[in-house]
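Notes follow the structure.
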Amino acid sequence: MTSLLEHVLDANGAARFASVSTITATVEYGGTFWDLKGHPSFAGSAVVEARAHEQWIRQTDVVGGRQMIFDRSLNRIMVMDRNGEVIEELHDPRRTFGGYTQRSPWTEGQMAYFRCYTTWHYLVEPFVFAFPGTTSGEIDEHAEHGEHWRGLCVTFPEDLDSHNQTQLYYFDDAYHLRRTDLQPEVNDYSPTTQYVEDQVEVDGITVPTKRRVHTRRLDRSPDTRRTPLTVDLRDIQFS
């Protein structure tokens, strides 16, 4: 019997993704989260270039030209101004969040780290589920909006930065991602749900172009009265 993961990979274009080395896109970041963490300038548009099979990503803000590069092989985030002058550099950036609460303000480097590792994941899901060291298994389905979505529990290796090591992903009948349940370690493991919308096909690869993030209640229902974080993709290219 074909596993859920195999169905998901096949339906979203894994064969084509295997030959991809670079992903580029324009990403629009919105919501109140950036202001709450003390850096409203991190909302807005950025031109993004990411490596498809290793955790490396560069972002350049459309307004202001600020640059940020996250290289997991070096375990380093760098933030630079439009002229290449270093604003902040963090080695082992995940460690810098130790002891933080959901109310803790972040530095510019920490904001850049968050925006970089999350965006890289959004560009390579679900194909990252088949990366070396990543494990997964099917879980109980989830009923929502009159639909039944099959669930996949994914655990990432320690050398791949993610919101938290184990996350839950839910897929519709077309094996497209619809919802993710996670608890970001950098934000004191706050229970969070992402809704994934507007799937488009680009060069044989299916890409969700909208993400809406909500806090999650104890009964696993999202608080949709507020949307603290939004992520929208356009101008996506694979090479």
Side-chain angles (χ1 to χ4, degrees), residues 23 27 29 31-43 46 48-61 66-80 86-136 152-169 180-194 196 211 213-216 228-231:
I23 309 165
V27 185
Y29 302 94
T32 59
F33 177 83
W34 316 101
D35 187 55
L36 290 171
K37 289 299 181 183
H39 294 276
S41 67
F42 275 79
V48 172
E49 176 186 351
R51 294 176 185 168
H53 299 281
E54 61 178 303
Q55 197 168 25
W56 184 97
I57 185 169
R58 175 172 58 210
Q59 301 194 5
T60 304
D61 287 345
R66 177 177 52 195
Q67 305 171 64
M68 52 203 81
I69 298 175
F70 177 53
D71 186 338
R72 185 59 181 84
S73 68
L74 300 176
N75 202 9
R76 182 185 70 188
I77 181 75
M78 292 184 64
V79 186
M80 297 157 286
V86 176
I87 298 171
E88 187 173 357
E89 180 178 356
L90 294 176
H91 294 268
D92 194 5
R94 181 59 61 96
R95 179 185 55 81
T96 68
F97 294 89
Y100 276 29
T101 70
Q102 294 179 36
R103 296 181 178 275
S104 298
W106 291 355
T107 70
E108 198 160 349
Q110 289 171 322
M111 293 296 292
Y113 168 69
F114 175 80
R115 214 175 76 172
C116 282
Y117 85 76
T118 58
T119 304
W120 182 85
H121 265 271
Y122 302 158
L123 292 170
V124 301
E125 290 174 356
F127 312 109
V128 67
F129 302 164
F131 278 27
T134 302
T135 59
S136 64
L152 196 66
C153 178
V154 180
T155 299
F156 299 104
E158 292 184 358
D159 61 354
L160 193 69
D161 285 14
S162 54
H163 282 305
N164 57 283
Q165 196 167 11
T166 297
Q167 299 173 189
L168 307 181
Y169 295 84
T180 305
D181 285 354
L182 47 95
Q183 295 182 218
E185 180 182 351
V186 297
N187 203 35
D188 195 26
Y189 294 94
S190 55
T192 303
T193 289
Q194 291 182 8
V196 183
R211 291 176 185 261
V213 179
H214 308 281
T215 58
R216 192 173 69 250
L229 188 59
T230 66
V231 181

Self-check item: Evaluation steps, side chain to side chain contact (heavy atoms under 4.5 Å, CB included), between Thr96 and Tyr113
Solution: CA-CA 11 Å; Thr96 68; Tyr113 168 69; over 6 Å; no
Practice problem: Please test His163 against Thr118 for side chain to side chain contact (heavy atoms under 4.5 Å, CB included), starting from the C-alpha separation and ending with a verdict. | Solution: CA-CA 7 Å; His163 282 305; Thr118 58; 3.0 Å; yes
Exercise. Please test Met78 against Val86 for side chain to side chain contact (heavy atoms under 4.5 Å, CB included), starting from the C-alpha separation and ending with a verdict.
Key: CA-CA 7 Å; Met78 292 184 64; Val86 176; 3.7 Å; yes
Quiz item: Thr192 and His214: side chain to side chain contact (heavy atoms under 4.5 Å, CB included), yes or no, with the steps?
Solution: CA-CA 6 Å; Thr192 303; His214 308 281; over 6 Å; no
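For the atom pair Asn187 CG and Leu229 CG, the distance stands at 10.5 Å (nearest 0.5 Å). Once rounded to the nearest 0.5 Å, the distance linking CG of Asn164 with OH of Tyr189 reads 7.5 Å. Here Leu182 contributes atom CG and Thr193 contributes atom OG1; the two are 7.0 Å apart, rounded to the nearest 0.5 Å. Atoms OG and CD, on Ser104 and Gln110 in that order, are 9.0 Å from each other to the nearest 0.5 Å. Atom CG in Asp61 sits 7.0 Å away from atom OG in Ser41 (nearest 0.5 Å). For the atom pair CG (Leu160) and OG1 (Thr155), the distance works out to 12.0 Å, reported to the nearest 0.5 Å.
When side chains are defined from C-beta on, Tyr122 counts as touching Gln194, because their heavy atoms get closer than 4.5 Å. Residues Asp181 and Arg216 form a side-chain contact, since some pair of their non-hydrogen atoms from C-beta on lies under 4.5 Å apart. Under the 4.5 Å side-chain criterion, counting only non-hydrogen atoms from C-beta, Gln165 is in contact with Glu158. Side-chain contact check for Arg51 versus Ile57: every heavy-atom pair is 4.5 Å or farther apart. At least one side-chain heavy atom of Val124 sits less than 4.5 Å from a side-chain heavy atom of Ile23. Put simply, the side chain of Thr215 does not reach to within 4.5 Å of the side chain of Ser190, judged on heavy atoms. The side-chain heavy atoms of His121 and Phe156, taken from C-beta on, include a pair separated by under 4.5 Å. No side-chain heavy atom of Cys153 sits less than 4.5 Å from a side-chain heavy atom of Gln167.
Looking at every heavy atom in both residues, Pro157 comes nearest to Gly133 through CD-O, 3.7 Å. The two residues Ala52 and Phe131 have their closest heavy-atom pair at O-CZ, 3.3 Å. Scanning both residues, Trp120 and Ala50, for their nearest heavy atoms gives CD1-CB, 4.0 Å. Contact detail for His91 and Arg95: the closest heavy-atom pair is O-NH2, 4.0 Å. Nearest heavy-atom pair across Pro93 and Ile77 is CB-CG2, 4.0 Å.
Ion pairing between a basic and an acidic side chain is recognised when a charged N comes within 4.0 Å of a carboxylate O; Arg72 and Glu54 show no such pairing. Ion pairing of Glu108 with Lys37 is absent here, as no side-chain N (NZ or NE/NH1/NH2) approaches a carboxylate O to less than 4.0 Å.
By the 6.0 Å and 45° rule, Arg94 stacks over the aromatic ring of Tyr117.
His39 places no side-chain N or O within 3.5 Å of a backbone atom of Ala112 that could act as its donor or acceptor partner. Here the side chain of Thr119 pairs a donor or acceptor atom with the backbone of Arg115 at under 3.5 angstrom.
The side-chain contact (heavy atoms from CB on, under 4.5 Å) with Ile69 is formed by just one residue from the set Arg58, Gln59, Arg76; it is Arg58.
Remark: aromatic rings of Phe114 and Trp106 are close, center separation under 6.0 Å. Tyr169 has its ring centre less than 6.0 Å from the ring centre of Phe129. Here the two rings, on Tyr29 and Phe42, have centers that are 6.0 Å apart or farther.
For Thr180 and Arg211, the side-chain atoms include no donor-acceptor pair closer than 3.5 Å.
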